[in-house]
Amino acid sequence: MIETLFPNGPWHYLAGGLLIGTAIGALYLLAGLVGGLSTFFSASLSWVSRLPALHQAKLLESRNWRLAYAAGLVLGGVLFAASLGHFGASTRVPPWLMLAGGLLIGFGARLSDGCTAGHGICGLASLRWPSLVAVVTFLSTAIVVAQLAAHFGVLP
């Protein structure tokens with residue numbers, strides 16, 4: 001049973017969760033900032049777009065730390081992959097389907113005012129009811145969509 005839930009063993013999932021939780025807690029305790037990545041895209045677009053919606057004070061004031069936050073996530077992933085000696089990822093999902101999924105996720109994240117990481121990690125840790133509703137909605141929708149995709153032959 002445990003091999004089905006954690007195909008690569010439970011320890012690195014546990015270590016990853018502890019590192020993410022520690023980083024989110026440190027960001028909040030040391031800087032008073034709530035982590036999350038979906039707002040990074042809106043804040044970054046404020047540098048190149050003139051749309052008034054992208055020039056809200058909360059986006060303009062937070063874009064520098066959000067850029068550093070996102071760069072740290074990418075750098076952490078690169079360093080971890082380098083420590084393993086490989087950068088490869090493989091999937092049998094067609095690129096167009098991943099693009100369509102990414103667009104739907106981005107639209108949903110903006111519609112719900114946060115992404116799975118923001119609501120699931122930061123929002124639940126802050127005991128926010130809207131985040132609980134968002135996480136339950138994300139997960140239940142993902143389970144239904146994954147079952148439908150598997151039914152139609154799309155495998156990860």
Side-chain angles (χ1 to χ4, degrees), residues 1-2 4-84 89 91 93 97-149 156:
M1 174 73 177
I2 194 114
T4 305
L5 295 173
F6 303 102
N8 297 318
W11 299 113
H12 71 273
Y13 296 103
L14 179 63
L18 289 172
L19 286 172
I20 290 170
T22 301
I24 291 295
L27 181 67
Y28 184 75
L29 290 174
L30 298 175
L33 301 173
V34 177
L37 209 52
S38 62
T39 308
F40 160 73
F41 294 105
S42 300
S44 297
L45 286 174
S46 70
W47 271 309
V48 295
S49 173
R50 294 182 188 268
L51 289 174
L54 297 174
H55 283 267
Q56 300 172 33
K58 72 174 187 177
L59 295 177
L60 297 176
E61 294 166 0
S62 69
R63 61 186 182 186
N64 287 335
W65 77 261
R66 290 187 187 283
L67 179 63
Y69 182 73
L73 287 172
V74 172
L75 181 61
V78 168
L79 289 174
F80 182 74
S83 73
L84 295 178
T91 180
V93 178
L97 197 52
M98 292 193 313
L99 179 64
L103 289 173
L104 288 172
I105 288 171
F107 182 77
R110 290 294 76 218
L111 189 63
S112 68
D113 200 25
C115 61
T116 52
H119 282 297
I121 298 169
C122 302
L124 290 180
S126 305
L127 303 176
R128 293 186 61 227
W129 281 104
S131 291
L132 178 62
V133 172
V135 168
V136 168
T137 304
F138 293 154
L139 287 176
S140 59
T141 303
I143 290 169
V144 169
V145 170
Q147 294 300 315
L148 285 173

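Please read these numbers as outputs of a predicted model, since none were measured by experiment.
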What one should report as the nearest heavy-atom pair of Ser38 and Ala109 is CB-CB, 3.8 Å
Approximate separation, where rounding is to 0.5 Å, of Leu104 CG and Leu111 CG: 11.5 Å
Is the number of heavy atoms from other residues, nucleotides or ligands within 6.0 Å of OH (Tyr13) greater than 12? yes
Over all heavy atoms of both residues, which pair between Ser112 and Phe138 is shortest? Give the atoms and the distance, please. OG-CZ, 3.6 Å
Taking all non-hydrogen atoms of both residues, which atom of Ala53 and which atom of Leu59 are closest, and how far apart? O-CD1, 3.7 Å
Name all pairs fulfilling the side chain to side chain donor-acceptor pair (under 3.5 Å) condition that reach into residues 116-127, sequence neighbours left out, sorted by first residue then second. His119-Ser131
To the nearest 0.5 Å, what is the distance between CZ (Arg50) and CG (Leu45)? 14.5 Å
Taking the side chain as every heavy atom from C-beta outward, state whether Leu124 and Leu127 have any atom pair closer than 4.5 Å. no
Sole candidate of Leu29, Val34, Ile121, Leu33 that passes side chain to side chain contact (heavy atoms under 4.5 Å, CB included) when paired with Ile24: Ile121
Residue set satisfying ring-ring contact (aromatic ring centres under 6.0 Å, His included) with Tyr28, at least two apart, ordered chain then number -> none
After noting the C-alpha distance and the side-chain angles of Leu67 and Trp47, does the key distance pass the side chain to side chain contact (heavy atoms under 4.5 Å, CB included) rule? CA-CA 11 Å; Leu67 179 63; Trp47 271 309; 3.9 Å; yes
With sequence neighbours excluded, give me every side chain to side chain donor-acceptor pair (under 3.5 Å) pair touching residues 61-80. Ser46-Arg63, Ser62-Arg66
For a 4.5 angstrom cut-off between non-hydrogen side-chain atoms, does Phe80 reach Leu19? no
